[in-house]
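The structure under discussion appears below in the form of structure tokens.
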Amino acid sequence: MKTSWPELLGLPGVEAKSKILADNPKLTVIILAVGTFVTQEFREDRVRVYVDSDQKVAQIPRIG
């Protein structure tokens, strides 16, 4: 099972979310702006997709 998606860097956030869910529909995928305050707990069922001001993926999405 994949735990990160480096190939999604630069894609629109909503497209990245769709691709992650296609790989594993059991994940919860959340799109957030870079710099958004988040809690630090690790969750195996969550992927945060950080996007820039153009709504493009700015960091490698990872489970956590």
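When all heavy atoms are compared, the tightest approach of Ile20 to Pro61 is CD1-CB, 3.9 Å. Of all heavy-atom pairs spanning Ala22 and Pro25, the tightest one is O-CD, 4.5 Å. Of all heavy-atom pairs between Val49 and Ala16, the closest is CG1-CB, 4.3 Å.
Contacts of Leu11 classified as side-chain contact (heavy atoms from CB on, under 4.5 Å), with partners at least two apart in sequence or in another chain: Leu8, Glu15, Lys19. Phe42 pairs by the side-chain contact (heavy atoms from CB on, under 4.5 Å) definition with Glu44, Ile63, not counting sequence neighbours. Residues forming a salt bridge (charged side-chain N to carboxylate O under 4.0 Å, His left out) with Arg46 (at least two apart in sequence, or on another chain): Glu41. With sequence neighbours left out, Pro6 forms a side-chain contact (heavy atoms from CB on, under 4.5 Å) with Ser4, Ile60. Asp23 is linked by a side chain to side chain donor-acceptor pair (under 3.5 Å) to Trp5, counting only residues two or more places apart in sequence or in another chain. Among residues two or more places apart in sequence or in another chain, the side chain to side chain donor-acceptor pair (under 3.5 Å) test is passed with Asp45 by Arg43. Qualifying side chain to side chain donor-acceptor pair (under 3.5 Å) partners for Glu7, counting only residues two or more places apart in sequence or in other chains: Lys2. Not counting sequence neighbours, Lys56 has no partner by the salt bridge (charged side-chain N to carboxylate O under 4.0 Å, His left out) test.
Identified under the salt bridge (Lys or Arg N to Asp or Glu O under 4.0 Å) test for residues 27-40, with sequence neighbours left out: none.
Connectivity analysis of hydrophobic side chains (ILVMFWY, heavy atoms under 4.5 Å, direct or indirect) links Tyr50 to Ile30, Leu32, Val34, Val38.
Once rounded to the nearest 0.5 Å, the distance linking CG of Leu27 with OG1 of Thr3 reads 10.5 Å. Atoms CD and CG, from Gln59 and Leu9 in turn, are 9.0 Å apart once rounded to the nearest 0.5 Å.
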